[in-house]
Amino acid sequence: MFTIVFQSKKIHPAFCNHCKIFLSLKLKDEQLRQKEHIHKKIIEACKKGDNRARYELYGLYSKAMFNICYRMMNNREEAEDMLQEAFTQAFTKLESFRYESNFGSWLKRIVVNTCINAINKRKVDLTYCEEIYDFDSEAENNDYEPEYTVANITQAMEQLPEGGRMIFSLYLLEGYDHGEIAQILKIKESTSKTQFMRAKRRVVELLKQTHGDAMDKI
């Protein structure tokens, strides 16, 4: 698992730390891309129906794809179901993969679409984050910055409304831009941007609440 821990700096986390996480995850993606040629033989074997190769490919990508499913669904059992469904679709569509992009990105798109389709089938409107406090005023009066790790942020995300959580995850952790998110969720690009900012502020607030004991010692 790729874990990042950031040192405290006198820069407000609401505007800086998400960039650090995004860049760190991008670095991991780049490292994976450099290994894509190693996986090409496995992928080609999968296309020929080699079950052993499919099992190996599943082992290479299942953990990362499960994490995406969990962040999208916010439920372990549903995430496991989405993971299996996404891989089933991926193996069915594998002939269409032409190495025009890296396999991880191609597979991630299938995983995200699988989760979105499952959520849409619920026929329940997504709930979004509301702006319920003056964040800038609070920021000026509180210099405390909690420890930021992927694990801490993911845990705080679980408490976000479904719509806000999905936008936050797609933008910050999965690397989609707001235009792409708008297309995926069928919302306005401005809505994606606003919801990301509100979700980010809520995550900061939740992390500060979680680290309340540490704040008392400052």
Side-chain angles (χ1 to χ4, degrees), residues 1-3 21-22 25 28-29 32 36 39 42-43 45-97 101-129 149-177 180-187 191-192 195-196 199 202-203 206:
M1 180 178 178
F2 191 72
T3 305
I21 297 172
F22 178 74
L25 292 173
K28 184 181 180 183
D29 286 341
L32 289 174
E36 284 293 331
H39 299 164
I42 302 173
I43 293 169
C46 290
K47 288 182 178 181
K48 297 176 181 178
D50 187 329
N51 288 329
R52 185 177 298 178
R54 290 185 175 186
Y55 182 80
E56 186 173 358
L57 193 65
Y58 179 87
L60 287 167
Y61 289 92
S62 59
K63 184 176 181 179
M65 296 304 124
F66 173 80
N67 288 338
I68 295 173
C69 290
Y70 184 77
R71 289 192 289 262
M72 296 291 290
M73 306 306 294
N74 206 28
N75 178 284
R76 180 167 293 275
E77 290 184 0
E78 289 184 355
E80 290 172 349
D81 290 342
M82 293 302 99
L83 179 68
Q84 298 306 315
E85 184 174 340
F87 266 97
T88 298
Q89 290 185 33
F91 287 134
T92 301
K93 299 176 180 179
L94 202 54
E95 283 294 336
S96 67
F97 180 65
S101 63
N102 69 77
F103 181 75
S105 296
W106 181 82
L107 179 59
K108 181 167 72 173
R109 173 67 74 168
I110 293 176
V111 168
V112 169
N113 287 340
T114 299
C115 293
I116 294 295
N117 289 338
I119 291 169
N120 288 339
K121 287 178 181 178
R122 297 174 182 171
K123 296 183 179 180
V124 176
D125 291 336
L126 293 177
T127 55
Y128 293 101
C129 299
T149 67
V150 172
N152 285 346
I153 291 174
T154 300
Q155 186 176 21
M157 280 171 52
E158 295 176 3
Q159 300 182 55
L160 295 175
E162 189 170 55
R165 187 188 71 250
M166 291 170 61
I167 290 172
F168 186 84
S169 178
L170 288 171
Y171 184 84
L172 179 60
L173 300 180
E174 316 311 342
Y176 291 94
D177 61 36
E180 292 171 320
I181 294 171
Q183 291 181 348
I184 291 171
L185 297 180
K186 296 179 173 58
I187 59 176
T191 300
S192 178
Q195 284 301 310
F196 174 73
R202 179 58 178 159
V203 166
L206 289 167

Please list, chain by chain and in numerical order, all residues satisfying side-chain contact (heavy atoms from CB on, under 4.5 Å) with [X], sequence neighbours excluded.
| X | answer |
| --- | --- |
| Glu80 | Phe66, Arg76 |
| Ala53 | Ile42, Ala45, Cys46, Asp50 |
| Glu78 | Met73, Asn75, Arg122 |

When rounded to the nearest 0.5 angstrom, what distance separates [atom1] in [X] from [atom2] in [Y]?
| X | Y | atom1 | atom2 | value |
| --- | --- | --- | --- | --- |
| Phe103 | Ile43 | CZ | CD1 | 5.0 Å |
| Glu56 | Leu60 | CD | CG | 6.0 Å |
| Ser105 | Ile110 | OG | CD1 | 11.5 Å |
| Ile167 | Leu172 | CD1 | CG | 13.0 Å |
| Asn113 | Asn120 | CG | CG | 10.0 Å |
| Asn74 | Thr154 | CG | OG1 | 10.5 Å |

For residues 81-94, which side-chain donor-acceptor pairs fall under 3.5 Å, sequence neighbours excluded?
{"from": "Gln84", "atom 1": "NE2", "to": "Tyr58", "atom 2": "OH", "distance (Å)": "2.8"}
{"from": "Thr88", "atom 1": "OG1", "to": "Gln84", "atom 2": "O", "distance (Å)": "2.8"}
{"from": "Thr92", "atom 1": "OG1", "to": "Thr88", "atom 2": "O", "distance (Å)": "2.8"}

Task: Exercise: identify the closest heavy-atom pair between Cys69 and Val111 - done: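 Minimum heavy-atom separation between Cys69 and Val111: SG-CG1, 3.5 Å.
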
- [ ] Heavy atoms only: give me the nearest Glu180-Gly175 pair and the separation to one decimal.
- [x]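 The answer is OE1-O, 4.4 Å.
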
- [ ] Applying side-chain contact (heavy atoms from CB on, under 4.5 Å), run through Ile116 and Met166 and close with a yes or a no.
- [x] CA-CA 9 Å; Ile116 294 295; Met166 291 170 61; 3.0 Å; yes

Open item on the list: Could you walk me through whether Gln183 and Tyr176 satisfy the side-chain contact (heavy atoms from CB on, under 4.5 Å) test, starting with their C-alpha distance in whole Å, then the side-chain angles of each, then the deciding distance to 0.1 Å, before giving a yes or no?
Closed with: CA-CA 11 Å; Gln183 291 181 348; Tyr176 291 94; over 6 Å; no

TODO: With sequence neighbours excluded, tell me which residues meet side-chain hydrogen bond (donor to acceptor under 3.5 Å, both in side chains) with Arg109.
DONE: none

Task: Pairing residues for Glu158 by the side-chain hydrogen bond (donor to acceptor under 3.5 Å, both in side chains) criterion, not counting sequence neighbours - done: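 Tyr70.
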
Open item on the list: Whether the side chain of Gln155 engages the backbone of Asn152 through a donor-acceptor N/O pair (distance < 3.5 Å, no angle test) should be reported.
Closed with: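 Not confirmed, Gln155 side chain does not pair with Asn152 backbone.
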
Task: Donor-acceptor contact present, side-chain Arg165 to main-chain Met72, <3.5 Å - done: yes

- [ ] Check the pair Thr191 / Leu185 against side-chain contact (heavy atoms from CB on, under 4.5 Å), numbers first and verdict last.
- [x] CA-CA 10 Å; Thr191 300; Leu185 297 180; over 6 Å; no

TODO: Tell me whether the guanidinium CZ or amine NZ of Lys47 lies under 6.0 angstrom from the six-membered ring centre of Phe97 and within 45° of its axis.
DONE: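 No, Lys47 does not lie over the aromatic ring of Phe97.
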
Task: Residue of the set Val112, Asp177, Ile68 for which side-chain contact (heavy atoms from CB on, under 4.5 Å) holds with Leu170 - done: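 With Leu170 as partner, side-chain contact (heavy atoms from CB on, under 4.5 Å) holds for just one option, Val112.
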
TODO: Look at the rings of Tyr171 and Phe196 and say which category their plane angle falls in: under 30° parallel, 30 to 60° tilted, over 60° perpendicular.
DONE: tilted

